[in-house]
Amino acid sequence: MPSALDTPQGAAELAESLLPPLGNRWLHTQAVAARAQELAGAVSEADRDLLVAAAWLHDIGYAPELRDTGFHPIDGARHLETLGAPARLVRLVAHHSGAVYEAEQRGLTAELAVY
C-alpha cells in the first residue's frame, strides 16, 4: 500500500525539508532524482514511483538532525522507518551505493543487516 513517502512528491517534500542547508548535497539529490525520473521507464510501471522516491530520499541520512551512527544510509533508513515508510523504500535507502562494503569498514554490518 503506497504512503506519501513512496511517491515522488512526498519523497521530494521530505528531502526538501532536510537537505537544502547542506548545499551541494541538496543539489546532488535533486540531480539524482531527475536522473531517476529519466530512467524510470527501465523498471516496471509499478516500481517507477518507488525508484524516484528512493532517489529523492537516498541521502537524507546526511541531515544533522538525523545523525545517529554517522553512516547516512543507516541513519536515513532508520528515520524513514520511524515515519512508517514502506519496508522496500527503507531497504533501498539503506543499501544504496555499495553501503554493505562501507558498513563493513565502519563496523556497522549488524546495523545494516536489519534492512
Closest approach of [X] and [Y], non-hydrogen atoms and distance?
X	Y	result
Ala15	Pro20	O-CD, 3.8 Å
Ala77	Ala94	CB-CB, 3.7 Å
His96	Pro73	CE1-CG, 3.9 Å

Working to the nearest 0.5 Å, report the span between [atom1] of [X] and [atom2] of [Y].
X	Y	atom1	atom2	result
Gln9	Glu16	CD	CD	11.0 Å
Glu111	Arg106	CD	CZ	11.5 Å
His79	Asp68	NE2	CG	12.5 Å

Open item on the list: Using the side chain to side chain contact (heavy atoms under 4.5 Å, CB included) criterion, which residues pair with Thr69? Sequence neighbours excluded.
Closed with: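 If we apply the side chain to side chain contact (heavy atoms under 4.5 Å, CB included) test to Thr69, skipping adjacent residues, the hits are Phe71, Ile74, Asp75, Arg78, Leu108.
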Task: Remaining members of hydrophobic cluster (4.5 Å side-chain criterion), Val114 - done: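 For the cluster that includes Val114, the remaining residues are Leu5, Leu14, Leu18, Leu19, Leu22, Trp26, Leu50, Val52, Trp56, Leu57, Ile60, Tyr62, Leu66, Leu80, Leu83, Leu89, Val90, Leu92, Val93, Tyr115.
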- [ ] Determine whether more than 12 heavy atoms belonging to other residues, nucleotides or ligands lie under 6.0 Å from atom CD of Glu45.
- [x]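 No, because the 6.0 Å sphere around CD of Glu45 holds 12 heavy atoms or fewer from other groups.
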Open item on the list: Could you tell me if the side chain of His58 sits less than 4.5 Å from the side chain of His28, heavy atoms only?
Closed with: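 Of all side-chain heavy-atom pairs linking His58 with His28, at least one is under 4.5 Å.
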